[in-house]
Amino acid sequence: MAQRPYIVGNWKMNGTRAMLPEARAIDRAAQRHMKVEVAVAPPYTLIHAVHREAEQIGVGAQDCSPDPDGAHTGDISASMLADAGAKFVILGHSERRQAYGETSEQVNAKAVAALEVGIRVIICCGEPLDVREAGKAEDYVAKQLQASLPAIEDAGEKVTVAYEPIWAIGTGKTATNDDIAAMHAMIRELLNKRYGEDQSADVRILYGGSVKPENAAEILGTAEVGGALVGGASLTADSFMGIALAASETEEG
Ligand code: PEP
């Protein structure tokens, strides 16, 4: 895979300024793992402060508005994120799809808005448990991605996909290696068709769902897994960088 493994922490609605020393510790540790691209997405309120602390890690957001500005109380536009120092945004996380009924078409519009101001996007997809049990996980994820992925020419550097089976998020359950490999292979095929093989080769497909230092090496060693989107285990430098270390060792092979 052409790109470095990408390890992204999604802090969700966790963190006040008291988390800044943890961000500093993650940044310092990331300087020892240059073969891995490490990034965190803190809540909006911390983006600027974490950006100021960060010398090595990327700093991003967990959502953005599809609109550029105006009467959208409570929303944050992509250009505001860029102004605060965000370099990427996580879009279509299942918690937002579930809690706010966010559709793939809205995710697509948000991605277009972010890319327009130079912010890279991480597009999330993943099936609920009943869909997996009905044997329809790949169809479900393919439909979700077809509608969520923005139509752009140079997707390679700008788009990342995160496959996160909903039943594995925050539950301690992870998909089997065979299931991860099959889903990531399907996603790669879809990306090849959508963006062309040259661009697709640089689009990393992250796995997310209860990734921890203990299971990271196995997951990251699975075919077509280009990194991890990490929730709970990204909240301390120790556990998050344990995952980055596993990614670094996977690279050294
Ligand atoms: C997530 O919410 O993106 C996630 C993967 O969470 P966790 O690692 O806690 O399962």
Side-chain angles (χ1 to χ4, degrees), residues 5-15 19 22-23 26 36-44 46-47 50 57-64 86 88-102 104 107 110-111 114 120-129 131-132 137 140-141 144-145 148 159-177 179-180 183-184 187 204-220 222 224-247:
Y6 194 20
I7 305 297
V8 183
N10 172 12
W11 284 6
K12 309 194 184 189
M13 199 172 71
N14 296 295
M19 277 286 277
E22 216 59 44
I26 290 171
V36 179
E37 186 174 347
V38 178
V40 294
Y44 291 133
L46 286 181
I47 290 173
V50 174
I57 59 173
V59 182
Q62 302 166 20
D63 186 36
C64 74
F88 71 94
V89 61
I90 298 169
L91 294 173
H93 191 282
S94 59
E95 286 157 10
R96 296 203 61 82
R97 290 182 189 261
Q98 285 185 319
Y100 302 104
E102 204 170 280
S104 294
V107 173
K110 290 178 177 196
R120 289 158 54 183
V121 296
I122 299 178
I123 307 286
C124 300
C125 57
E127 79 287 356
L129 187 58
V131 170
R132 161 107 359 225
Y140 183 95
V141 168
Q144 219 176 27
L145 268 183
S148 302
V159 175
T160 298
V161 171
Y163 167 57
E164 302 200 299
I166 295 172
W167 47 271
I169 294 178
T171 58
K173 294 181 190 154
T174 50
T176 66
N177 277 10
D179 287 343
I180 297 173
M183 186 62 84
H184 282 226
I187 294 172
R204 286 165 293 191
I205 308 171
L206 314 184
Y207 175 79
S210 299
V211 178
K212 328 183 248 291
E214 300 76 40
N215 61 19
E218 199 180 344
I219 292 170
L220 292 166
T222 304
E224 290 292 1
V225 174
L229 182 54
V230 184
S234 70
L235 294 173
T236 66
D238 265 6
S239 56
F240 190 46
M241 294 316 289
I243 296 168
L245 175 64

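In this text the structure is predicted, and so the values were computed from the model without any measurement. Remember, it's 1-based here, ligands and their atoms both numbered in the order they're listed. Nothing fancy with the numbering, it's 1 onward along the sequence.
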Exercise for the section: Mark the output for S210 as yes if a heavy-atom distance to ligand 1 is under 4.0 Å, and as no if none is. Expected result: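 Checking ligand 1 against S210, which is what was asked, there is a heavy-atom contact under 4.0 Å.
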Write out the residue and atom name of the closest protein heavy atom to [atom], then the distance separating them to 0.1 Å.
atom	value
atom 5 (C) of ligand 1	E164 OE2, 3.0 Å
atom 9 (O) of ligand 1	G232 N, 2.9 Å
atom 1 (C) of ligand 1	H93 NE2, 3.2 Å
atom 8 (O) of ligand 1	G231 N, 2.8 Å
atom 2 (O) of ligand 1	K12 NZ, 2.5 Å

How long is the gap from [atom1] on [X] to [atom2] on [Y], to the nearest 0.5 Å?
X	Y	atom1	atom2	value
H93	L229	NE2	CG	6.0 Å
R96	I90	CZ	CD1	11.0 Å
I219	T174	CD1	OG1	5.0 Å

Handout entry: Within-cut-off N or O pair, G209 and ligand 1, under 3.5 Å
Key =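 No, there is no polar N/O contact under 3.5 Å.
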Exercise for the section: Decide whether an N or O pair under 3.5 Å exists between G170 and ligand 1. Expected result: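 N/O-N/O distance below 3.5 Å exists for this pair.
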Practice task
Inspect the contact between E164 and R97 and indicate whether a charged nitrogen and a carboxylate oxygen are less than 4.0 angstrom apart.
Solution key: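 Looking at E164 together with R97, the answer is no, because their closest N to O distance does not fall below 4.0 Å.
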Exercise for the section: Measure up the H184 and Y163 rings against each other and bin them: parallel (under 30°), tilted (30 to 60°), perpendicular (over 60°). Expected result: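 Answer is perpendicular, since the angle exceeds 60°.
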Problem - Heavy-atom closest contact (A61 atom, A86 atom, distance) - result: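 The answer is N-CB, 4.4 Å.
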Exercise for the section: State, to 0.1 Å, how close A217 and A246 come at their nearest heavy-atom pair, and which atoms those are. Expected result: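 Looking at all heavy atoms of both residues, the closest pair is N-CB, 3.9 Å.
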Handout entry: Per-atom contacts, ligand 1 versus N10 - under 4.0 Å to a heavy atom
Key =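 Heavy-atom distances to N10 below 4.0 Å select 2 (O), 3 (O).
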Handout entry: Location of contacts on A168 toward ligand 1, heavy atoms closer than 4.0 Å
Key =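 Under 4.0 Å from ligand 1, A168 contributes backbone atoms alone.
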